[in-house]
Amino acid sequence: MKKLFALILLVAFVFMNVACSDEPPSIRVKNERTNKANVQIKQTNGNTININDVAGGATTPYREIVEGATIATAVIQNEQDAPSASFTTYLNKNYTVVITSSNPATLRIDSSDK
């Protein structure tokens with residue numbers, strides 16, 4: 001009986017540690033346009049991440065970023081507009097910067113739980 005109780009406590013402890021661990025936010029770019037795009041991600045800690053040469057119709061892999069205020073700006077090949085969007089990133093979230101196919105292009109920020 002004591003071993004069963006100890007096993008239950010151990011499983012509960014492991015589950016709580018796994019379920020409660022915080023993961024840094026991640027970001028990726030989805031380009032719904034036909035032209036290539038370069039996206040710059042500026043964060044409040046001073047870091048800038050450049051995700052370049054995102055082909056039309058492509059989605060990049062996720063990259064980890066820090067939590068906090070963020071600005072994304074897209075430069076689209078052969079287009080004059082450079083849409084941007086401001087958003088806040090949080091732990092345990094994935095973010096997708098979507099370069100929309102609308103005219104003119106806009107940025108949409110989608111988020112989901114990790």
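Quick caveat: nothing in here was measured; it's all calculated off a predicted structure. All heavy atoms count here, side chains included; hydrogens, waters and symmetry mates do not.
- Distance check: Ser84 OG to Lys42 NZ gives 9.5 Å after rounding to the nearest 0.5 Å.
- The CD1 atom of Ile109 lies 6.5 Å from the CD1 atom of Ile27; values are rounded to the nearest 0.5 Å.
- Distance alone, capped at 3.5 Å, places no donor-acceptor pair between the Asp81 side chain and the Pro104 backbone.
- Using modelled atom types, one side-chain atom of Thr60 and one backbone atom of Val29 make a donor-acceptor pair closer than 3.5 Å.
- Checking side-chain atoms of Gln43 against main-chain N and O of Gly68 turns up no donor-acceptor pair under 3.5 Å.
- Asn92 and Asp22 share a donor-acceptor pair across their side chains, judged by distance under 3.5 Å alone.
- Side-chain N/O atoms of Ser26 and Lys114 include a donor and acceptor closer than 3.5 Å.
- Arg108 contributes no side-chain N or O that, together with a main-chain N or O of Ile99, makes up a donor-acceptor pair within less than 3.5 Å.
- Contact record, Arg63 with Asn50: NH1-O, 3.4 Å, taken as the closest heavy-atom pair.
- The NZ atom of Lys93 lies 12.5 Å from the OG1 atom of Thr88; values are rounded to the nearest 0.5 Å.
- One distance of note links CD of Glu64 with OG1 of Thr89; it measures 11.5 Å at 0.5 Å rounding.
- Here the rule is side-chain hydrogen bond (donor to acceptor under 3.5 Å, both in side chains) with Arg28, and of Asp110, Thr96, Asn94 only Thr96 fits it.
- At distances below 3.5 Å, not a single donor-acceptor pair connects side-chain atoms of Thr73 with backbone N or O atoms of Pro83.
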